[in-house]
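Here's the structure we're looking at; comments come further down.
None of these values were measured; they are calculated from a predicted model.
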Amino acid sequence: MAESPGGPEAGKRLDLRLVPVVVVAWSAALAGGFVDGVWSAVLAVALGLLGGVFLVAGHRQRPSGVRPGTLFATLALACVLGAAVAVHCAVIAGNREKGPLAPAMAADEGVVVHLLITGSPTLSPAPGHSSGGRWMVDASLIDLTAKGSVVHGTADILVTGGADWQNVRAGQSVRTTGTLKQVREGQPEAALLNASSAPVVTGSGFDIRQTAADVRKRFVSAGDWLPPDAAGLLPGMVTGDTSALPESLETAMKTTGMTHLTAVSGANCSLILGGFILLARCFRWARPAAGAFAACGLLAFVIMVGPDPSVLRAAVMGTVGLAALTGGLRGRSLSFLCLATTILLLLDPAMAASVGFLLSVLATLGIVLLAARIASWIPARVPRWLAAGVAVPLSAQLLCGPVIVALQPQFSSFALIANVVAGPLVAPVTIFGTIAVPLATALPWLAVVPIAVAGICAGLVAGVARFFAGLPGAALPWAEGAVGVVAMVLSSMVTLLAVWMALHLADVKRHAMRLHCAVMVLLDR
């Protein structure tokens, strides 16, 4: 998690010691998602042995003057953590290949399944249909009946079904029929259940995730009186719930590169953490107490939003930054990013194949590597908040651009300026919206004021998206495939060079004169 541009981190050398750790861990997780359990186990053993070799080599180098804990220790740590990720991948693959669901998947016949619902239903539009679709929900296996025999065990299942599945709630146990299919490579679930019948509820219990889902629904309902754009965008910016987002506004957000505002990200968690820390400091609490208070606030926010992988990713990165703050550590943003990424891969290796995870890491990496430097190029007479408001989205966009064009071959001409203009509006939406979420459930009449403030700002964000999306050339075609990716990499490099040249005209003139003199000397010869 990066310091603010121009802060104490500016001008300090990057700490690269944890880079090999995250590279090995990510590679092991990515490989483990596309091979079977045996090969993941082999990879774990190989990495463990290699880590031991590095430890021995490092121990033998100590008498010759090499400091302990440097290169060999870093490589050993990378191998050990990579082995841990590979072991996790082997366990997941083993459960998929030899777990309780494997025989039923191999037979490809109908089964009766008893499930515990563990998530909230989401709509997945059916291809070729403008209305309707399949509903998806996460569940955990209780027991399974196939060919007259009952199998008990533990396994995560992704259920897809018709409209009857939109009303199931986390904590309910249901019975249904269907066929089990293999999940796509890289997915963490053991199987995909294509439900052929409606769920029959057999029991219900308390589940904090369903309580959080009910709170989010009440928040959506509490903002119904706002204009359509504000009412649809506000829940997305605060809790990541885009169910009420108008389709035309969603298109405009994509065109202007503002889609990230409708998902809970590290920026949301940073604002929440910062708000709780400021509140604690107002009461003059000590730094550890303020950190504990902020951590509890972040935990409540994660529970409210729902512990999805993207939210977990944002929360872990925010927590790592908080640990650095309470520990008094500065200038180690790259190390914090590497540590957060490695922790997330240890918890869920499937994130390695997630495009959202890759974009999140690249955006944060761009801020760590470039934001402070770009902000320092901007003249001192420009307010620092404005310098940061330009440097942060530009640095994130430069690194994310190649991945984005690989997914969607088009160039968003006004993405930078749209994000800069909308940037100051994000904080009031997040802070006032988060305050309004619990109030919308407990004291709806008291939630009107924060919803009004957050709604006005969310409406302005929507207006920014629609304005820039409506300008000529807002979305230009771009080359597909590897050619497009390479072209965007070159474009990012040229953009960075152009920004430097525009902000260092005196240096550019001096270097141009030197080059001119050198050319003249060569010509005179």
Side-chain angles (χ1 to χ4, degrees), residues 1-5 7-9 208-209 211-212 215-216 218-219 222 234-241 260-261 263-308 310-330 332-333 336-337 339-340 343-344 360 364 367 385 388 392 423-443 446-447 449-455 457-458:
M1 193 167 180
E3 300 272 355
S4 61
E9 191 174 11
I208 190 65
R209 287 164 294 195
T211 302
V215 170
R216 294 195 299 272
R218 292 191 181 185
F219 178 59
L234 178 58
M237 294 186 68
V238 176
T239 66
D241 184 351
H260 62 281
L261 295 180
V264 176
S265 64
N268 296 79
C269 292
S270 297
L271 289 168
I272 297 300
L273 284 168
F276 278 106
I277 289 174
L278 288 175
L279 181 61
R281 299 302 285 178
C282 288
F283 292 105
R284 297 184 178 180
W285 291 358
R287 181 178 288 177
F293 177 68
C296 292
L298 178 62
L299 177 61
F301 178 75
V302 170
I303 293 174
M304 177 190 72
V305 175
D308 297 327
S310 60
V311 180
L312 176 65
R313 173 185 71 218
V316 169
M317 289 189 176
T319 303
V320 171
L322 174 65
L325 176 64
T326 55
L329 300 178
R330 302 254 183 206
R332 298 290 180 85
S333 294
F336 300 153
L337 174 60
L339 179 60
I343 291 173
L344 288 167
S360 176
T364 309
I367 295 170
W385 62 266
V392 169
L425 300 168
V426 175
V429 172
T430 301
I431 295 173
F432 284 96
T434 303
I435 293 173
V437 171
L439 291 179
T441 301
L443 300 169
L446 197 57
V449 173
I451 285 178
V453 176
C457 295

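- A search for side chain to side chain contact (heavy atoms under 4.5 Å, CB included) contacts involving Leu279 returns Phe283, Phe293, not counting sequence neighbours.
- Between Val449 and Phe432, the closest side-chain pair of non-hydrogen atoms is not below 4.5 Å.
- Partner of Thr430 under the side chain to side chain contact (heavy atoms under 4.5 Å, CB included) criterion, out of Val238, Leu261, Ile272: Ile272 alone.
- Residue Cys457 comes nearest to Val429 through the heavy atom pair CB-CG2, 3.4 Å, listed as atom of the first residue, atom of the second, then distance.
- Expressed to the nearest 0.5 Å, how far OG1 of Thr239 lies from CG of Leu234 amounts to 8.5 Å.
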The test is side chain to side chain contact (heavy atoms under 4.5 Å, CB included); show your working for Val437 and Phe301 and say whether it passes. CA-CA 10 Å; Val437 171; Phe301 178 75; over 6 Å; no
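- When the side chain to side chain contact (heavy atoms under 4.5 Å, CB included) test is applied to Leu446, the partners found at least two apart in sequence or on another chain are Leu439, Leu443.
- Shown here for Ala440 and Arg218, the closest heavy-atom pair between the two residues is CB-O, 4.3 Å.
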